[in-house]
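This report concerns only the one structure given below.
Just so it is clear, the model here is predicted, and its values are computed rather than measured. Every chain is numbered from 1 and lettered A, B, ... according to where its sequence line falls, protein lines coming before strand lines.
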Amino acid sequence: MQIRKLHSWHVDPAEARDIQRRLATQVSRQPAPGAVDLIAGVDVSTNDRLGIARAAVVVLRYPDLAVQENSTVEEDLTFLYIPGLLSFREAPAVFRAFERISSAPDLVMIDGQGIAHPRRLGIASHVGLILDIPTIGVAKSILVGRHRELPDEPGAWVQMFDRDEVVGAAVRTKRGVKPVYVSIGHKVDLPVAISWTLNCCRSYRLPEPTRLAHLAAASRLPIIGRY
DNA sequence: GCGACAG
DNA sequence: ATCTTGTCGC
């Protein structure tokens, strides 16, 4: 798929935060109409010792969730991990991976926050905006926001608040385990983000797109077999 | 000023 | 994120 433009990633943290505040105003929190046949999962693994990021984009067909395509690429790391600035570290590798897929996913689930972010521009929103594609942030832990306890029942969810603003939802995808933290990335609303997350869950805490992308980014995605 | 802090 | 096997608990 074609990437419109890349940003300059060699920026200092203060400039990065400025860019985020500017881009955040362009994020769409409304769902884009259209059928969803292909869902992509995105994850990045990093190795500071080697200075390398490995990004994986795994495209699944819906509803069977069979793997249609897998693009895994490596990219030099040029940015430290700073809470709130994750996309400046990991997104370049993600864009590289997207350049090498032939199909066009209708929806992308990204490991990390969407608007549940101090400046409302987590990596899921940033990537969605640049690619101009609907994205959902599915994080394993919280960056900002608080929530009430939620029932230990698959499908249960509660809103997450930053101050008095709803920034996402804690979603129980499986009994007896921590919830995942779902937020709008781009071109979806919160109900849509939550329902697609649940739609894509099988036997694990993480929805299949993100779970398989994580395996791929860690080079643990077998060509054959049940996993 | 102090603590919190996606991956 | 990453270093990493077996073990404890539901």
Side-chain angles (χ1 to χ4, degrees), chain A residues 9 13-14 16-17 19-21 23-24 27 41-58 72-97 108-129 135-147 151-154 160-163 165 167-186 190 193 197 203-207 209-221:
Chain A
W9 301 99
R17 294 184 184 96
I19 292 170
Q20 289 181 328
R21 282 184 280 261
L23 292 181
V27 170
V42 173
D43 191 31
V44 180
S45 69
T46 59
N47 185 323
D48 278 309
R49 189 173 54 82
L50 298 176
I52 291 294
R54 184 189 293 120
V57 175
V58 178
T72 301
V73 305
E74 291 184 348
E75 180 87 341
D76 291 337
L77 286 169
T78 63
F79 205 90
L80 294 173
Y81 172 68
I82 300 170
L85 299 181
L86 179 69
S87 62
F88 287 83
R89 175 174 171 83
E90 297 191 346
V94 172
F95 294 137
R96 267 294 168 75
V108 180
M109 301 185 43
I110 301 184
D111 186 19
Q113 315 292 348
I115 65 170
H117 176 279
R119 290 164 295 282
R120 308 293 180 259
L121 196 86
I123 187 169
S125 297
H126 197 158
V127 168
L129 195 57
T135 57
I136 298 171
V138 181
K140 300 183 293 299
S141 62
I142 294 174
L143 176 58
V144 296
R146 302 153 35 81
H147 66 86
D152 189 19
E153 187 71 28
M160 292 178 60
F161 288 88
D162 186 17
R163 299 287 188 141
E165 184 181 350
V167 294
V171 180
R172 190 80 68 189
T173 56
K174 179 181 178 168
R175 192 185 312 278
V177 300
K178 268 182 60 174
V180 296
Y181 305 96
V182 175
S183 57
I184 293 169
H186 186 48
L190 190 53
T197 298
S203 307
Y204 301 86
R205 174 164 86 118
L206 297 181
T210 295
R211 191 179 75 81
L212 295 184
H214 183 69
L215 292 176
S219 305
R220 305 229 180 283
L221 181 60

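Within the 4.0 angstrom heavy-atom criterion, no nucleotide atom of any strand lies near D48(A). In this structure, G84(A) reaches the bases: a heavy-atom distance under 4.0 Å links it to at least one base atom across the strands shown. Contacts of G122(A) with the nucleic acid, taken as non-hydrogen atoms under 4.0 Å apart, include base atoms. Looking at heavy-atom distances under 4.0 Å, V144(A) makes no contact with the nucleic acid at all. Among the heavy atoms of the strands, none lies under 4.0 Å from I52(A). Within 4.0 Å of D111(A), counting heavy atoms only, lie sugar-phosphate atoms of the nucleic acid but no base atom.
For CZ of R146(A), the number of neighbouring non-hydrogen atoms (other residues, nucleotides, ligands) closer than 6.0 Å is 12 at most.
Rounded to whole Å, atom P of dG7(B) lies 18 Å from atom CG of L80(A). At whole-Å resolution of the value, CG in L50(A) and P in dA1(C) are 17 Å apart. Rounded to a whole Å, the CE atom of M160(A) is 11 Å from the P atom of dA6(B). Taking atom CZ on F79(A) and atom C1' on dG7(B), their separation rounds to 14 Å, with Å as the unit. One interatomic measurement links the two molecules: CG of L143(A) to C1' of dA1(C), which rounds to 15 Å at whole-angstrom precision. Remark: C1' of dA1(C) and CD1 of I123(A) are 12 Å apart, rounded to the nearest angstrom. Residue R163(A) contributes atom CZ, which lies 14 Å from atom C1' of dA4(B) at whole-angstrom precision. For the pair R54(A) CZ and dG7(B) P, the interatomic distance rounds to 18 Å; values are reported in whole Å.
In terms of modelled atom types and a separation under 3.5 Å, the side chain of T173(A) and the main chain of R205(A) share a donor-acceptor contact. Between the side chain of R54(A) and the backbone N or O of E74(A) there is no donor-acceptor pair closer than 3.5 Å.
Distances were taken from every side-chain heavy atom of P83(A) (C-beta onward) to each of dC5(B), dA1(C), dG7(B); the shortest belongs to dC5(B). In this structure, of dT2(C), dA6(B), dG7(B), it is dA6(B) that holds the atom nearest to the side chain of Q113(A).
For dA6(B), neither phosphate oxygen OP1 nor OP2 lies less than 4.0 angstrom from any side-chain nitrogen or oxygen of K140(A). For the pair S141(A) and dG7(B), the criterion of a side-chain N or O lying under 4.0 Å from OP1 or OP2 is met.
Below 30°, between 30° and 60°, or above 60°: for H126(A) and F95(A) the angle between ring planes is above 60°, a perpendicular geometry.
For Y81(A) and dA1(C), the ring-to-base geometry does not satisfy the stacking test (centroid distance below 5.5 Å, interplanar angle below 30°).
Applying the ring pair (Phe, Tyr, Trp, His ring centres under 6.0 Å) test to H214(A) and every residue at least two apart in sequence or in another chain returns nothing.
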